[in-house]
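Encoded as structure tokens, the structure appears first; notes follow it.
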Amino acid sequence: MQGKYGSENKQPLSELLTVVLITHNRPAFLRRALQYYSSLPCKVLVLDSSPERPEGDFSAVDYQHLPQFAYWGMQAKLTYGVEQLTTPYMVFAADDAFILHESPAESVSFLEANRDYGLCHGYCLMYLARADSVDYFRRDKKICEDYASERAEDRVLDFMHQYVPPFYGVCRTSIIKDWYA
């Protein structure tokens with residue numbers, strides 16, 4: 001990452017970042033993801049469009065049961081969820097994917113130190129589970145790793161030319177709210 005890079009936030013991560021966990025009809029995946037994120041010191045907003053609320057204690061997170069959006073109402077569900085955010089940064093997370101715990105804090109630190117950046121995106125790992133092992137693959141190995149143009153517009157264009165969707169990057173909440181408005 002180009003630019004200044006600060007290693008410490010002035011505020012705790014719990015006041016800076018919300019993980020927006022997206023789920024639909026996969027209670028086991030949801031419970032596993034909530035267990036995984038339970039030790040991450042940030043807010044967690046669950047957007048669950050399952051027809052029935054799953055069993056379990058969701059008191060540690062902001063659990064939103066949104067059956068009115070159903071499976072095909074993803075855009076409306078995300079629009080609703082984004083409006084609920086109160087932290088300056090957010091990151092979408094699927095119920096079957098995991099963000100490495102140190103990554104959100106590093107991304108927030110970078111964005112705090114570089115006010116003209118709106119998004120910080122790390123590497124994506126894919127995996128193939130076998131009966132006796134798991135193979136991991138870094139998906140974006142052959143892309144540009146630094147979008148260091150002086151102009152923000154050029155950085156966005158350079159990033160978009162790599163075909164890495166910004167959906168799962170840590171973003172400034174204000175930008176996401178503008179996009180969804």
Side-chain angles (χ1 to χ4, degrees), residues 1-4 6 9-26 29-30 33-34 37 40-51 53 58 60-99 103-122 124 140 143 147-181:
M1 291 181 270
Q2 183 69 22
K4 298 179 292 187
N9 299 314
K10 294 179 176 108
Q11 295 176 289
L13 196 60
S14 61
E15 294 178 26
L16 294 170
L17 178 72
T18 301
V19 173
V20 180
L21 189 57
I22 306 161
T23 190
H24 177 83
N25 243 10
R26 300 197 302 184
F29 281 52
L30 173 59
L34 288 174
Y37 290 116
L40 187 64
C42 66
K43 294 181 180 184
V44 176
L45 169 63
V46 177
L47 303 178
D48 183 359
S49 54
S50 303
R53 181 186 169 108
F58 301 111
V61 299
D62 182 358
Y63 175 85
Q64 301 281 321
H65 184 228
L66 307 167
Q68 68 271 25
F69 296 121
Y71 182 77
W72 298 108
M74 177 67 94
Q75 182 66 41
K77 178 168 76 170
L78 296 179
T79 300
Y80 171 84
V82 163
E83 285 305 312
Q84 309 309 305
L85 297 173
T86 59
T87 55
Y89 303 99
M90 58 83 52
V91 60
F92 286 117
D95 61 6
D96 62 351
F98 300 98
I99 301 168
S103 300
E106 290 175 9
S107 295
V108 167
S109 290
F110 178 83
L111 291 169
E112 285 278 290
N114 296 278
R115 296 290 178 181
D116 60 332
Y117 282 70
L119 161 76
C120 189
H121 197 297
C124 296
D140 45 10
I143 65 167
Y147 306 96
S149 299
E150 286 296 318
R151 294 177 356 121
E153 297 89 348
D154 293 335
R155 289 194 301 269
V156 170
L157 287 174
D158 291 345
F159 178 79
M160 297 307 273
H161 283 127
Q162 301 293 311
Y163 303 105
V164 175
F167 189 78
Y168 291 115
V170 174
C171 301
R172 294 184 189 281
T173 301
S174 60
I175 292 173
I176 298 296
K177 285 186 175 188
D178 287 349
W179 285 352
Y180 281 91

* Mind checking whether Tyr37 and Val46 have side chains closer than 4.5 Å, heavy atoms only? -> no
* Under the side-chain contact (heavy atoms from CB on, under 4.5 Å) criterion, do Met74 and Ile22 qualify, and how do the steps go? -> CA-CA 9 Å; Met74 177 67 94; Ile22 306 161; 3.7 Å; yes
* Take atom CD of Glu150 as the centre, draw a 6.0 Å sphere, and report whether it contains more than 12 heavy atoms from other residues, nucleotides or ligands. => no
* Asked: Measuring from Met90:CE to Ile176:CD1, what's the distance to the nearest 0.5 Å?
  -> 5.5 Å
* Structure fact -> Heavy-atom closest pair (Gly169 atom, Val91 atom, distance to 0.1 Å) is O-CG2, 3.6 Å
* Asked: Using 30° and 60° as the class limits, which term best fits the ring planes of Tyr80 and Phe69: parallel, tilted or perpendicular?
  -> tilted
* **Shortest non-hydrogen contact from Leu111 toward Tyr117** => CD2-O, 3.5 Å
* Asked: Cys120 and Phe110: which non-hydrogen atoms are nearest, and at how many Å?
  -> SG-CD2, 4.2 Å
* Structure fact -> Tightest non-hydrogen contact, residues His24 and Asp48, listed as CA-OD1, 4.2 Å
* Asked: Can you check whether Leu45 reaches Gln64 side chain to side chain, under 4.5 Å on heavy atoms?
  -> yes
* Considering all heavy atoms, the nearest Glu15-Thr87 contact -> O-CG2, 3.8 Å
* Asked: Would you say Arg53 and Phe58 make side-chain contact, with heavy atoms under 4.5 Å?
  -> yes
* To do: With the side chain counted from C-beta on, respond yes when Phe92 and Leu78 share a heavy-atom pair under 4.5 Å apart, and no when they do not.
  => yes
* About how many Å separate CG of Leu16 and OG of Ser107, when rounded to the nearest 0.5 Å? -> 12.5 Å
* Mind checking the OG1-CG spacing from Thr173 to Asp178? Nearest 0.5 Å is all I need. => 11.0 Å
* Would you check if Tyr89 and Leu13 make a side-chain contact, meaning some heavy-atom pair closer than 4.5 Å? => no
* Would you mind reporting whether Gln84 and Val20 have side-chain heavy atoms less than 4.5 Å apart? => no
* pair Pro104-Val19: side-chain heavy atoms closer than 4.5 Å -> no
* Asked: Just by modelled atom types, is the Tyr168 backbone N or O under 3.5 Å from a matching donor or acceptor in the His121 side chain?
  -> no
* To do: Please examine the side chains of Thr86 and Lys43, heavy atoms only from C-beta on, and report whether any two atoms are closer than 4.5 Å.
  => yes
* Donor on one side chain, acceptor on other, Ser49 and Lys77, under 3.5 Å -> yes
* Asked: Among side-chain atoms of Tyr71 and Asn25, is any donor-acceptor pair under 3.5 angstrom?
  -> no
* **Atom pair CG (Leu47) and CG (Asp95), whose distance is rounded to the nearest 0.5 Å** => 11.5 Å
* **Between CG on residue Leu40 and CZ on residue Phe98, distance to nearest 0.5 Å** => 13.0 Å
* Asked: Taking atom types as modelled and ignoring hydrogens, do the side chains of Glu83 and Tyr180 form a donor-acceptor contact shorter than 3.5 angstrom?
  -> no
* To do: Any chance you could measure Ile99, atom CD1, to Leu21, atom CG, to the nearest 0.5 Å?
  => 9.0 Å
